[in-house]
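The chains referred to below are lettered A, B, ... by the order of the sequence lines, with proteins before strands, and numbering in each begins at 1.
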Amino acid sequence: MNGDDRALVAQAQGGERAALDELLRRHYDRIYAICRRIAGNEADAADATQEALMAIVRGLAKFDNRATFSTWSYRVATNACLDELRRRKRRPTPALVDEHDGWADQNLDDRAPAFDEQIVLRDEVQAALNQLPNDFRMPVVLRDCAGLDYAEIAETLGIPPGTVRSRIARGRIKLAEILHAGNQPSTDERQNNQS
Amino acid sequence: MNPLPPNANDLVSAYLDGQAAPDEVTIVESSPELMERVAALRSVSDLLGAPLASPPEQKEAHISAALDTFDSLLDFDNLDEPAKEVAPLLALVPPATTESSPPTEQPAAVPSLSDARQRRRPRRYNSGIIAAAAAAVLLFVALASFGFGGNDSLDVAITRNDTASSPSDAVDDTADADQNAAQIESAGIMADDAVEEEAGITLSEAQPLAAEAMDEQARMDDAPMVSDEAEEFAADSDNSDGDDAAVLGAAELFDAAPSGFLGTFPTQKSLLFELEDLSIEGLDRRIESLDPGLVPTCQHRAIPELADIEVPTLVGMAFIADQAIEVHQILGDNDTLIILILDATDCTVLPATP
(Lines give C-alpha, C1' and ligand atoms only; values in the text may rest on other atoms or scores of the structure.)
Protein backbone atom coordinates (compact mmCIF):
# COMPACT_ATOMS: atom_id res chain seq x y z
CA MET A 1 0.00 0.00 0.00
CA ASN A 2 2.74 2.45 0.95
CA GLY A 3 4.65 1.77 -2.22
CA ASP A 4 1.53 2.27 -4.26
CA ASP A 5 0.81 5.43 -2.35
CA ARG A 6 4.21 6.80 -3.19
CA ALA A 7 3.67 6.29 -6.86
CA LEU A 8 0.25 7.88 -6.67
CA VAL A 9 1.61 10.80 -4.68
CA ALA A 10 4.31 11.40 -7.26
CA GLN A 11 1.75 11.30 -10.04
CA ALA A 12 -0.62 13.59 -8.18
CA GLN A 13 2.21 16.01 -7.49
CA GLY A 14 2.83 15.94 -11.21
CA GLY A 15 -0.71 17.05 -11.80
CA GLU A 16 -2.52 13.76 -12.44
CA ARG A 17 -6.04 14.19 -11.20
CA ALA A 18 -6.87 10.48 -11.39
CA ALA A 19 -3.96 9.66 -9.08
CA LEU A 20 -5.18 12.11 -6.48
CA ASP A 21 -8.69 10.75 -6.81
CA GLU A 22 -7.42 7.25 -6.09
CA LEU A 23 -5.32 8.44 -3.14
CA LEU A 24 -8.24 10.23 -1.55
CA ARG A 25 -10.55 7.27 -2.04
CA ARG A 26 -8.06 4.91 -0.46
CA HIS A 27 -7.75 6.98 2.68
CA TYR A 28 -11.13 8.64 2.91
CA ASP A 29 -12.73 6.15 5.28
CA ARG A 30 -9.85 6.32 7.74
CA ILE A 31 -9.75 10.10 7.59
CA TYR A 32 -13.47 10.24 8.16
CA ALA A 33 -13.20 7.82 11.09
CA ILE A 34 -10.53 9.99 12.72
CA CYS A 35 -12.63 13.10 12.29
CA ARG A 36 -15.73 11.32 13.53
CA ARG A 37 -14.01 10.04 16.64
CA ILE A 38 -12.39 13.36 17.42
CA ALA A 39 -15.27 15.66 16.58
CA GLY A 40 -17.80 13.47 18.32
CA ASN A 41 -20.76 14.12 16.04
CA GLU A 42 -21.67 13.69 12.40
CA ALA A 43 -22.02 17.32 11.45
CA ASP A 44 -18.67 18.47 12.78
CA ALA A 45 -17.02 15.31 11.46
CA ALA A 46 -18.33 16.02 7.97
CA ASP A 47 -17.02 19.58 8.08
CA ALA A 48 -13.68 18.46 9.45
CA THR A 49 -13.34 15.72 6.85
CA GLN A 50 -13.96 18.17 4.05
CA GLU A 51 -11.43 20.57 5.54
CA ALA A 52 -8.95 17.73 5.90
CA LEU A 53 -9.24 16.74 2.25
CA MET A 54 -8.80 20.35 1.17
CA ALA A 55 -5.75 20.67 3.40
CA ILE A 56 -4.29 17.49 1.95
CA VAL A 57 -4.74 18.78 -1.58
CA ARG A 58 -3.26 22.15 -0.73
CA GLY A 59 -0.35 20.60 1.15
CA LEU A 60 0.40 17.83 -1.32
CA ALA A 61 2.99 19.91 -3.12
CA LYS A 62 4.93 20.18 0.11
CA PHE A 63 4.68 16.53 1.08
CA ASP A 64 8.16 15.09 0.72
CA ASN A 65 7.78 11.39 1.57
CA ARG A 66 9.64 11.66 4.85
CA ALA A 67 6.59 10.07 6.42
CA THR A 68 4.20 7.74 4.69
CA PHE A 69 1.32 9.42 2.95
CA SER A 70 -1.14 7.79 5.33
CA THR A 71 0.65 9.10 8.41
CA TRP A 72 0.97 12.56 6.95
CA SER A 73 -2.62 12.71 5.77
CA TYR A 74 -3.91 11.51 9.15
CA ARG A 75 -1.95 14.24 10.85
CA VAL A 76 -3.40 16.80 8.47
CA ALA A 77 -6.85 15.40 9.24
CA THR A 78 -6.17 15.62 12.94
CA ASN A 79 -5.19 19.25 12.65
CA ALA A 80 -8.34 19.94 10.64
CA CYS A 81 -10.38 18.33 13.40
CA LEU A 82 -8.62 20.36 16.05
CA ASP A 83 -9.47 23.48 14.08
CA GLU A 84 -13.07 22.35 13.99
CA LEU A 85 -13.06 21.85 17.74
CA ARG A 86 -11.63 25.33 18.20
CA ARG A 87 -14.39 26.80 16.09
CA ARG A 88 -16.93 24.88 18.10
CA LYS A 89 -15.45 26.22 21.32
CA ARG A 90 -16.19 29.76 20.28
CA ARG A 91 -19.71 28.99 19.13
CA PRO A 92 -22.23 30.37 21.63
CA THR A 93 -24.05 27.57 23.41
CA PRO A 94 -26.79 27.75 26.00
CA ALA A 95 -25.82 27.11 29.59
CA LEU A 96 -26.58 23.58 30.72
CA VAL A 97 -26.73 23.93 34.47
CA ASP A 98 -30.32 22.95 35.11
CA GLU A 99 -30.73 20.18 32.63
CA HIS A 100 -27.36 18.56 33.01
CA ASP A 101 -26.56 18.76 36.67
CA GLY A 102 -23.66 21.13 36.81
CA TRP A 103 -22.02 20.55 33.44
CA ALA A 104 -21.64 24.25 32.93
CA ASP A 105 -19.14 24.26 35.76
CA GLN A 106 -16.76 22.15 33.74
CA ASN A 107 -14.27 23.33 31.19
CA LEU A 108 -15.82 23.18 27.74
CA ASP A 109 -12.93 21.08 26.52
CA ASP A 110 -13.73 18.52 29.16
CA ARG A 111 -17.45 18.55 28.53
CA ALA A 112 -18.11 15.91 25.96
CA PRO A 113 -20.49 15.36 24.37
CA ALA A 114 -21.58 18.92 23.74
CA PHE A 115 -25.12 20.23 23.64
CA ASP A 116 -26.06 19.26 20.11
CA GLU A 117 -24.33 15.92 20.45
CA GLN A 118 -26.77 14.85 23.11
CA ILE A 119 -29.63 14.30 20.70
CA VAL A 120 -28.72 10.86 19.49
CA LEU A 121 -25.80 8.69 20.47
CA ARG A 122 -26.16 5.65 18.32
CA ASP A 123 -22.64 4.47 18.65
CA GLU A 124 -21.81 3.08 22.04
CA VAL A 125 -18.09 3.39 21.51
CA GLN A 126 -18.48 6.96 20.39
CA ALA A 127 -20.62 7.67 23.43
CA ALA A 128 -17.92 6.28 25.67
CA LEU A 129 -15.24 8.18 23.81
CA ASN A 130 -17.20 11.39 24.16
CA GLN A 131 -17.01 11.04 27.91
CA LEU A 132 -13.24 11.28 27.85
CA PRO A 133 -11.68 14.70 28.27
CA ASN A 134 -10.01 15.90 25.07
CA ASP A 135 -6.57 15.49 26.61
CA PHE A 136 -7.15 11.76 26.74
CA ARG A 137 -9.45 11.32 23.79
CA MET A 138 -7.06 12.81 21.24
CA PRO A 139 -4.07 10.50 21.92
CA VAL A 140 -6.30 7.44 22.05
CA VAL A 141 -7.94 8.30 18.73
CA LEU A 142 -4.64 9.10 17.08
CA ARG A 143 -3.26 5.78 18.24
CA ASP A 144 -6.20 3.47 17.66
CA CYS A 145 -7.90 5.14 14.69
CA ALA A 146 -4.99 6.77 12.90
CA GLY A 147 -2.31 4.27 13.88
CA LEU A 148 0.24 6.93 14.69
CA ASP A 149 3.11 5.94 16.96
CA TYR A 150 3.82 7.74 20.22
CA ALA A 151 6.44 10.03 18.72
CA GLU A 152 4.10 11.09 15.93
CA ILE A 153 1.27 11.69 18.37
CA ALA A 154 3.58 13.71 20.58
CA GLU A 155 4.58 15.85 17.64
CA THR A 156 1.02 16.30 16.45
CA LEU A 157 -0.31 17.30 19.86
CA GLY A 158 2.76 19.12 21.11
CA ILE A 159 3.18 17.05 24.25
CA PRO A 160 6.06 14.81 25.40
CA PRO A 161 6.03 11.13 24.32
CA GLY A 162 5.92 10.05 27.96
CA THR A 163 2.74 12.03 28.42
CA VAL A 164 1.30 10.45 25.30
CA ARG A 165 1.98 7.02 26.70
CA SER A 166 0.35 7.68 30.05
CA ARG A 167 -2.66 9.46 28.52
CA ILE A 168 -3.31 6.63 26.10
CA ALA A 169 -3.13 4.15 28.95
CA ARG A 170 -5.45 6.14 31.19
CA GLY A 171 -7.80 6.88 28.32
CA ARG A 172 -8.09 3.22 27.39
CA ILE A 173 -8.63 2.13 30.97
CA LYS A 174 -11.36 4.72 31.35
CA LEU A 175 -12.97 3.64 28.10
CA ALA A 176 -12.91 0.02 29.19
CA GLU A 177 -14.59 0.99 32.45
CA ILE A 178 -17.28 2.99 30.68
CA LEU A 179 -17.98 0.26 28.15
CA HIS A 180 -17.97 -2.40 30.83
CA ALA A 181 -20.38 -0.40 32.98
CA GLY A 182 -22.60 0.14 29.94
CA ASN A 183 -22.82 -3.59 29.42
CA GLN A 184 -23.82 -4.29 33.00
CA PRO A 185 -27.55 -4.72 33.57
CA SER A 186 -29.17 -1.87 35.42
CA THR A 187 -30.51 -2.29 38.95
CA ASP A 188 -34.04 -2.61 37.62
CA GLU A 189 -33.01 -5.22 35.13
CA ARG A 190 -31.23 -7.20 37.82
CA GLN A 191 -34.28 -7.07 40.07
CA ASN A 192 -36.54 -8.17 37.25
CA ASN A 193 -34.24 -11.04 36.43
CA GLN A 194 -34.19 -12.15 40.06
CA SER A 195 -37.95 -12.10 40.36
CA MET B 1 1.24 -14.27 42.56
CA ASN B 2 3.59 -11.34 42.17
CA PRO B 3 2.20 -7.92 43.03
CA LEU B 4 1.43 -5.79 40.00
CA PRO B 5 3.85 -2.97 39.28
CA PRO B 6 2.50 0.50 40.12
CA ASN B 7 2.52 1.52 36.46
CA ALA B 8 0.77 -1.64 35.31
CA ASN B 9 -1.70 0.20 33.08
CA ASP B 10 1.06 2.11 31.33
CA LEU B 11 2.99 -1.09 30.80
CA VAL B 12 0.01 -2.97 29.45
CA SER B 13 -1.00 -0.18 27.09
CA ALA B 14 2.53 0.35 25.81
CA TYR B 15 2.91 -3.41 25.34
CA LEU B 16 -0.27 -3.46 23.30
CA ASP B 17 1.11 -0.73 21.07
CA GLY B 18 4.48 -2.38 20.66
CA GLN B 19 6.07 0.60 22.38
CA ALA B 20 7.22 -1.08 25.57
CA ALA B 21 10.90 -1.45 26.34
CA PRO B 22 12.36 -4.98 26.32
CA ASP B 23 12.42 -5.23 30.11
CA GLU B 24 8.80 -4.05 30.21
CA VAL B 25 7.83 -6.68 27.68
CA THR B 26 9.36 -9.30 29.94
CA ILE B 27 7.41 -8.03 32.93
CA VAL B 28 4.12 -8.07 31.06
CA GLU B 29 4.57 -11.45 29.45
CA SER B 30 5.55 -13.05 32.73
CA SER B 31 2.34 -12.00 34.42
CA PRO B 32 -0.92 -13.76 33.47
CA GLU B 33 -2.87 -10.96 35.08
CA LEU B 34 -1.16 -8.33 32.97
CA MET B 35 -1.73 -10.40 29.87
CA GLU B 36 -5.42 -10.50 30.75
CA ARG B 37 -5.41 -6.74 30.89
CA VAL B 38 -3.68 -6.62 27.52
CA ALA B 39 -6.50 -8.68 26.08
CA ALA B 40 -9.12 -6.39 27.62
CA LEU B 41 -7.45 -3.26 26.28
CA ARG B 42 -6.98 -4.86 22.89
CA SER B 43 -10.71 -5.34 22.57
CA VAL B 44 -11.22 -1.62 23.35
CA SER B 45 -8.53 -0.69 20.86
CA ASP B 46 -10.09 -2.89 18.19
CA LEU B 47 -13.49 -1.30 18.75
CA LEU B 48 -12.03 2.16 18.29
CA GLY B 49 -10.06 1.18 15.24
CA ALA B 50 -13.00 -0.39 13.46
CA PRO B 51 -13.80 1.46 10.24
CA LEU B 52 -16.67 3.90 10.29
CA ALA B 53 -18.68 4.13 7.15
CA SER B 54 -19.61 7.56 5.95
CA PRO B 55 -22.65 8.21 3.78
CA PRO B 56 -21.59 7.38 0.19
CA GLU B 57 -22.99 10.62 -1.19
CA GLN B 58 -21.01 12.57 1.38
CA LYS B 59 -17.83 10.76 0.40
CA GLU B 60 -18.38 11.54 -3.26
CA ALA B 61 -19.16 15.17 -2.53
CA HIS B 62 -16.07 15.59 -0.38
CA ILE B 63 -13.74 13.99 -2.88
CA SER B 64 -15.29 15.92 -5.72
CA ALA B 65 -14.79 19.20 -3.90
CA ALA B 66 -11.19 18.29 -3.12
CA LEU B 67 -10.53 17.47 -6.77
CA ASP B 68 -12.06 20.78 -7.79
CA THR B 69 -9.62 22.50 -5.47
CA PHE B 70 -6.83 20.50 -7.08
CA ASP B 71 -7.96 21.66 -10.51
CA SER B 72 -8.07 25.27 -9.46
CA LEU B 73 -4.60 24.99 -7.96
CA LEU B 74 -3.34 23.56 -11.23
CA ASP B 75 -4.97 26.32 -13.19
CA PHE B 76 -3.49 28.92 -10.91
CA ASP B 77 -0.06 27.40 -11.12
CA ASN B 78 -0.17 27.09 -14.88
CA LEU B 79 -1.25 30.66 -15.32
CA ASP B 80 1.39 31.82 -12.93
CA GLU B 81 4.27 29.70 -14.11
CA PRO B 82 4.08 28.67 -17.76
CA ALA B 83 7.56 27.19 -17.56
CA LYS B 84 6.41 24.59 -15.06
CA GLU B 85 4.00 22.80 -17.37
CA VAL B 86 5.82 19.52 -17.08
CA ALA B 87 5.38 19.32 -13.33
CA PRO B 88 2.94 22.02 -12.45
CA LEU B 89 2.32 21.19 -8.82
CA LEU B 90 5.74 20.34 -7.56
CA ALA B 91 8.62 20.87 -9.88
CA LEU B 92 11.37 20.58 -7.30
CA VAL B 93 10.26 17.91 -4.91
CA PRO B 94 12.69 14.97 -4.80
CA PRO B 95 11.40 11.91 -6.62
CA ALA B 96 9.69 9.23 -4.60
CA THR B 97 12.00 6.48 -3.45
CA THR B 98 11.17 2.84 -3.69
CA GLU B 99 9.96 1.06 -0.62
CA SER B 100 13.00 -1.18 -0.42
CA SER B 101 15.47 1.67 -0.34
CA PRO B 102 16.81 2.60 3.09
CA PRO B 103 15.28 5.63 4.70
CA THR B 104 17.36 8.65 3.96
CA GLU B 105 17.04 12.25 4.97
CA GLN B 106 15.33 13.93 2.09
CA PRO B 107 16.15 17.49 1.25
CA ALA B 108 13.37 19.89 2.07
CA ALA B 109 10.90 20.47 -0.69
CA VAL B 110 11.30 23.74 -2.49
CA PRO B 111 8.00 25.52 -2.91
CA SER B 112 7.02 26.86 -6.24
CA LEU B 113 7.12 30.53 -7.00
CA SER B 114 3.38 30.73 -6.53
CA ASP B 115 3.74 29.09 -3.14
CA ALA B 116 6.36 31.58 -2.19
CA ARG B 117 4.15 34.36 -3.42
CA GLN B 118 1.23 33.03 -1.45
CA ARG B 119 3.37 32.99 1.65
CA ARG B 120 4.65 36.41 0.85
CA ARG B 121 1.29 38.09 0.74
CA PRO B 122 0.44 38.25 4.41
CA ARG B 123 3.79 39.84 5.16
CA ARG B 124 2.71 43.00 3.53
CA TYR B 125 0.42 43.48 6.46
CA ASN B 126 3.45 43.57 8.72
CA SER B 127 4.62 46.65 7.05
CA GLY B 128 1.03 47.85 6.89
CA ILE B 129 0.88 47.66 10.62
CA ILE B 130 4.24 49.36 10.83
CA ALA B 131 2.97 52.19 8.74
CA ALA B 132 -0.12 52.44 10.91
CA ALA B 133 2.03 52.29 14.02
CA ALA B 134 4.28 54.99 12.67
CA ALA B 135 1.26 57.10 11.93
CA ALA B 136 0.02 56.44 15.43
CA VAL B 137 3.37 57.50 16.85
CA LEU B 138 3.30 60.74 14.96
CA LEU B 139 -0.31 61.46 15.80
CA PHE B 140 0.21 60.54 19.39
CA VAL B 141 3.24 62.75 19.71
CA ALA B 142 1.28 65.58 18.21
CA LEU B 143 -1.65 64.93 20.52
CA ALA B 144 0.73 64.68 23.42
CA SER B 145 2.09 68.09 22.66
CA PHE B 146 -1.45 69.44 22.74
CA GLY B 147 -3.42 67.45 25.25
CA PHE B 148 -0.95 65.98 27.66
CA GLY B 149 2.07 67.26 29.38
CA GLY B 150 5.02 66.23 31.47
CA ASN B 151 6.59 62.82 31.81
CA ASP B 152 3.43 60.75 31.23
CA SER B 153 3.22 61.65 27.59
CA LEU B 154 6.89 60.97 27.14
CA ASP B 155 6.56 57.48 28.60
CA VAL B 156 3.61 56.51 26.45
CA ALA B 157 5.10 57.95 23.32
CA ILE B 158 8.27 55.96 23.80
CA THR B 159 6.26 52.83 24.33
CA ARG B 160 4.45 53.28 21.06
CA ASN B 161 7.68 53.96 19.28
CA ASP B 162 9.13 50.71 20.63
CA THR B 163 6.15 48.89 19.24
CA ALA B 164 6.69 50.45 15.89
CA SER B 165 10.40 49.71 15.66
CA SER B 166 10.29 46.12 16.79
CA PRO B 167 8.34 44.70 13.85
CA SER B 168 10.52 46.50 11.39
CA ASP B 169 13.11 43.82 12.04
CA ALA B 170 10.71 41.28 10.62
CA VAL B 171 10.61 42.80 7.18
CA ASP B 172 14.17 43.81 6.58
CA ASP B 173 14.68 40.88 4.22
CA THR B 174 13.46 42.43 1.02
CA ALA B 175 14.43 45.52 -0.80
CA ASP B 176 10.92 46.89 -0.64
CA ALA B 177 10.67 46.24 3.01
CA ASP B 178 14.08 47.75 3.57
CA GLN B 179 12.92 50.90 1.93
CA ASN B 180 9.80 50.97 4.02
CA ALA B 181 11.67 50.15 7.20
CA ALA B 182 14.05 52.97 6.53
CA GLN B 183 11.15 55.30 6.13
CA ILE B 184 9.52 54.03 9.27
CA GLU B 185 12.78 54.29 11.11
CA SER B 186 13.21 57.83 10.00
CA ALA B 187 9.66 58.51 11.07
CA GLY B 188 10.49 56.95 14.40
CA ILE B 189 13.56 59.13 14.73
CA MET B 190 11.44 62.10 13.93
CA ALA B 191 9.05 61.00 16.61
CA ASP B 192 11.89 60.62 19.07
CA ASP B 193 13.12 64.04 18.22
CA ALA B 194 9.65 65.37 18.72
CA VAL B 195 9.37 63.69 22.07
CA GLU B 196 12.67 65.10 23.19
CA GLU B 197 11.62 68.52 22.20
CA GLU B 198 8.16 67.94 23.67
CA ALA B 199 6.60 70.37 21.23
CA GLY B 200 8.57 69.67 18.12
CA ILE B 201 5.71 68.72 15.84
CA THR B 202 2.16 69.83 15.45
CA LEU B 203 -0.88 67.86 14.45
CA SER B 204 -0.99 69.56 11.10
CA GLU B 205 2.58 68.49 10.47
CA ALA B 206 2.03 64.97 11.69
CA GLN B 207 -0.92 64.19 9.47
CA PRO B 208 0.86 64.62 6.12
CA LEU B 209 3.73 62.48 7.38
CA ALA B 210 1.34 59.77 8.44
CA ALA B 211 -0.47 59.97 5.13
CA GLU B 212 2.84 59.73 3.31
CA ALA B 213 3.76 56.61 5.22
CA MET B 214 0.42 55.05 4.39
CA ASP B 215 0.77 55.96 0.72
CA GLU B 216 4.16 54.36 0.61
CA GLN B 217 2.68 51.27 2.16
CA ALA B 218 -0.05 51.18 -0.47
CA ARG B 219 2.55 51.41 -3.23
CA MET B 220 4.51 48.60 -1.68
CA ASP B 221 1.43 46.40 -1.45
CA ASP B 222 0.77 46.81 -5.15
CA ALA B 223 4.32 46.15 -6.23
CA PRO B 224 4.98 42.74 -7.77
CA MET B 225 7.24 40.37 -5.91
CA VAL B 226 10.70 40.04 -7.38
CA SER B 227 11.83 36.60 -8.42
CA ASP B 228 14.63 36.21 -5.90
CA GLU B 229 12.10 36.54 -3.11
CA ALA B 230 11.04 33.02 -4.02
CA GLU B 231 14.53 31.80 -3.15
CA GLU B 232 14.31 33.51 0.18
CA PHE B 233 11.25 31.51 1.05
CA ALA B 234 12.64 28.34 -0.45
CA ALA B 235 15.57 28.57 1.92
CA ASP B 236 13.53 28.34 5.07
CA SER B 237 11.05 25.70 4.01
CA ASP B 238 10.67 22.78 6.36
CA ASN B 239 7.01 22.33 6.02
CA SER B 240 6.09 18.73 5.56
CA ASP B 241 3.30 19.13 8.10
CA GLY B 242 1.51 21.77 6.14
CA ASP B 243 2.19 24.45 8.74
CA ASP B 244 0.86 27.81 7.76
CA ALA B 245 3.90 29.98 8.08
CA ALA B 246 2.10 32.76 6.32
CA VAL B 247 0.12 33.74 9.36
CA LEU B 248 3.11 34.10 11.60
CA GLY B 249 3.95 37.60 10.54
CA ALA B 250 0.79 39.22 11.78
CA ALA B 251 0.56 36.95 14.79
CA GLU B 252 4.11 37.66 15.85
CA LEU B 253 3.55 41.33 15.47
CA PHE B 254 0.51 41.27 17.71
CA ASP B 255 2.31 39.00 20.13
CA ALA B 256 5.09 41.55 20.30
CA ALA B 257 2.66 44.22 21.42
CA PRO B 258 2.08 44.80 25.13
CA SER B 259 -0.05 42.05 26.59
CA GLY B 260 -3.61 42.44 25.44
CA PHE B 261 -2.95 45.76 23.75
CA LEU B 262 -3.57 45.70 20.02
CA GLY B 263 -2.54 49.23 19.27
CA THR B 264 -3.96 52.58 18.37
CA PHE B 265 -6.03 52.82 15.25
CA PRO B 266 -7.54 55.83 13.53
CA THR B 267 -10.76 54.02 12.59
CA GLN B 268 -12.63 50.80 13.22
CA LYS B 269 -11.90 49.83 9.66
CA SER B 270 -8.16 50.01 10.14
CA LEU B 271 -8.41 47.82 13.24
CA LEU B 272 -10.59 45.28 11.47
CA PHE B 273 -8.21 45.26 8.55
CA GLU B 274 -5.43 43.99 10.78
CA LEU B 275 -7.64 41.51 12.60
CA GLU B 276 -8.90 40.02 9.38
CA ASP B 277 -5.43 38.91 8.50
CA LEU B 278 -4.98 36.82 11.62
CA SER B 279 -5.87 33.17 11.20
CA ILE B 280 -8.28 31.46 13.54
CA GLU B 281 -5.26 29.93 15.22
CA GLY B 282 -3.68 33.34 15.63
CA LEU B 283 -6.80 34.72 17.23
CA ASP B 284 -7.07 31.65 19.42
CA ARG B 285 -3.54 32.15 20.64
CA ARG B 286 -4.33 35.72 21.53
CA ILE B 287 -7.58 34.86 23.25
CA GLU B 288 -6.01 32.05 25.24
CA SER B 289 -2.97 34.10 26.18
CA LEU B 290 -5.08 36.87 27.66
CA ASP B 291 -6.72 34.57 30.21
CA PRO B 292 -9.70 36.80 30.87
CA GLY B 293 -10.52 34.73 33.88
CA LEU B 294 -7.91 36.83 35.63
CA VAL B 295 -8.44 40.09 33.81
CA PRO B 296 -11.87 41.66 34.25
CA THR B 297 -13.38 42.36 30.86
CA CYS B 298 -16.75 43.21 29.43
CA GLN B 299 -17.39 39.47 29.17
CA HIS B 300 -17.74 39.40 32.94
CA ARG B 301 -20.32 42.15 33.01
CA ALA B 302 -23.18 40.09 31.61
CA ILE B 303 -23.81 42.10 28.50
CA PRO B 304 -26.35 40.32 26.30
CA GLU B 305 -24.01 39.75 23.39
CA LEU B 306 -21.53 37.76 25.48
CA ALA B 307 -23.67 36.48 28.32
CA ASP B 308 -24.19 32.95 27.03
CA ILE B 309 -20.66 32.33 25.91
CA GLU B 310 -18.67 30.31 28.37
CA VAL B 311 -15.30 30.46 26.69
CA PRO B 312 -13.02 33.50 26.54
CA THR B 313 -13.78 35.90 23.73
CA LEU B 314 -11.44 38.80 24.41
CA VAL B 315 -9.04 39.40 21.54
CA GLY B 316 -7.51 42.50 23.07
CA MET B 317 -7.79 46.13 23.95
CA ALA B 318 -7.08 49.06 21.68
CA PHE B 319 -7.63 52.72 21.11
CA ILE B 320 -9.69 53.90 18.19
CA ALA B 321 -8.87 57.55 17.99
CA ASP B 322 -8.95 58.43 21.68
CA GLN B 323 -11.60 55.91 22.70
CA ALA B 324 -10.58 52.86 24.72
CA ILE B 325 -12.21 49.74 23.34
CA GLU B 326 -12.31 46.01 23.86
CA VAL B 327 -12.31 43.65 20.91
CA HIS B 328 -14.20 40.38 21.33
CA GLN B 329 -14.71 37.57 18.89
CA ILE B 330 -17.62 35.17 18.75
CA LEU B 331 -18.97 32.72 16.23
CA GLY B 332 -22.29 33.41 14.64
CA ASP B 333 -24.49 31.24 12.50
CA ASN B 334 -22.67 29.07 9.98
CA ASP B 335 -19.44 29.65 11.87
CA THR B 336 -19.29 33.25 10.79
CA LEU B 337 -16.68 35.10 12.76
CA ILE B 338 -18.12 38.16 14.42
CA ILE B 339 -15.94 40.89 15.85
CA LEU B 340 -17.56 42.93 18.60
CA ILE B 341 -16.07 46.29 19.44
CA LEU B 342 -17.11 47.45 22.88
CA ASP B 343 -16.59 50.69 24.71
CA ALA B 344 -14.18 49.65 27.44
CA THR B 345 -15.67 52.03 29.97
CA ASP B 346 -19.33 51.03 29.83
CA CYS B 347 -19.19 47.83 27.73
CA THR B 348 -21.71 49.03 25.18
CA VAL B 349 -21.33 47.61 21.71
CA LEU B 350 -20.13 50.36 19.42
CA PRO B 351 -21.94 50.74 16.13
CA ALA B 352 -19.92 50.11 13.02
CA THR B 353 -18.38 53.26 11.68
CA PRO B 354 -16.36 53.88 8.53
Side-chain angles (χ1 to χ4, degrees), chain A residues 2-3 6-7 9-10 13-15 17 20-21 24-25 28-29 32-33 36-37 46 49-50 53-55 57-67 72 75-76 83 86-87 89-95 104 108 125 140-141 143-145 149-150 165-166 168-170 172-173 175-176 179, chain B residues 9-10 12-14 17 19 40-41 43-45 47-54 58-59 62-63 65-67 69-71 73-74 86-90 93-99 105-109 111-112 115 237 239-242 280-281 284 287 308-311 313 329-331 335:
Chain A
N2 286 342
R6 286 189 173 212
V9 166
Q13 287 176 333
R17 191 178 199 270
L20 178 65
D21 189 351
L24 296 180
R25 286 183 190 283
Y28 181 89
D29 288 343
Y32 171 76
R36 180 73 178 84
R37 293 303 191 201
T49 304
Q50 180 71 87
L53 293 190
M54 296 294 190
V57 169
R58 285 194 294 264
L60 188 63
K62 293 184 270 188
F63 173 63
D64 57 7
N65 283 311
R66 275 187 283 191
W72 174 78
R75 287 172 59 181
V76 171
D83 284 346
R86 291 191 191 103
R87 290 190 196 99
K89 270 173 63 179
R90 288 210 303 278
R91 191 178 298 154
T93 54
L108 187 65
V125 176
V140 169
V141 169
R143 175 63 209 161
D144 288 335
C145 292
D149 64 30
Y150 289 1
R165 171 173 155 146
S166 65
I168 289 175
R170 292 172 63 188
R172 281 178 175 155
I173 295 293
L175 274 179
L179 291 170
Chain B
N9 290 336
D10 271 22
V12 166
S13 181
D17 292 330
Q19 307 256 331
L41 288 192
S43 65
V44 172
S45 179
L47 280 174
L48 281 175
L52 284 173
S54 64
Q58 174 182 291
K59 178 176 181 177
H62 282 171
I63 291 176
L67 291 173
T69 300
F70 180 74
D71 291 340
L73 285 173
L74 281 180
V86 175
L89 254 189
L90 191 67
V93 160
T97 56
T98 60
E99 202 167 24
E105 191 69 15
Q106 302 267 10
S112 67
D115 282 340
S237 72
N239 40 26
S240 61
D241 298 336
I280 287 176
E281 291 77 14
D284 275 338
I287 291 172
D308 291 335
I309 303 176
E310 298 166 9
V311 294
T313 59
Q329 180 179 287
I330 62 175
L331 279 184
D335 287 343

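- With chain B as partner, the option from A/Ala55, A/Ala67, A/Ala169, A/Cys145 having the largest number of non-hydrogen pairs under 4.5 angstrom is A/Ala169.
- In terms of heavy-atom proximity, A/Gln50 sits nearest to B/Ala66 at NE2-N, 4.3 Å.
- Contacts with chain B were tallied for A/Val141, A/Asp21, A/Val140, A/Val9; A/Asp21 has the most, counting heavy-atom pairs under 4.5 Å.
- For chain B, the nearby parts of A/Arg17 are the backbone and the side chain; heavy atoms of each come within less than 4.5 Å.
- For chain A, the nearby parts of B/Ala65 are the backbone and the side chain; heavy atoms of each come within less than 4.5 Å.
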- [ ] Determine, stepwise, if the pair A/Arg172 / B/Asn9 fulfils side-chain contact (heavy atoms from CB on, under 4.5 Å).
- [x] CA-CA 9 Å; A/Arg172 281 178 175 155; B/Asn9 290 336; over 6 Å; no
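- Only the side chain of A/Tyr28 has a heavy atom closer than 4.5 Å to any heavy atom of chain B.
- Nearest heavy-atom pair, B/Ala14 versus A/Tyr150, reported as atom, atom and distance to 0.1 Å: CA-OH, 3.6 Å.
- For the set B/Val44, B/Leu67, B/Leu41, the count of heavy-atom pairs under 4.5 angstrom toward chain A peaks at B/Leu67.
- B/Leu73 and A/Arg58 get closest at one heavy-atom pair: CD1-CA, 4.0 Å.
- For chain B, no part of A/Arg170 is nearby; none of its heavy atoms comes within less than 4.5 Å.
- Here A/Asp29 contributes atom CG and B/Lys59 contributes atom NZ; the two are 4.0 Å apart, rounded to the nearest 0.5 Å.
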- [ ] Might you work through the salt bridge (Lys or Arg N to Asp or Glu O under 4.0 Å) test for A/Asp144 and A/Arg37, ending with a clear yes or no?
- [x] CA-CA 10 Å; A/Asp144 288 335; A/Arg37 293 303 191 201; over 6 Å; no
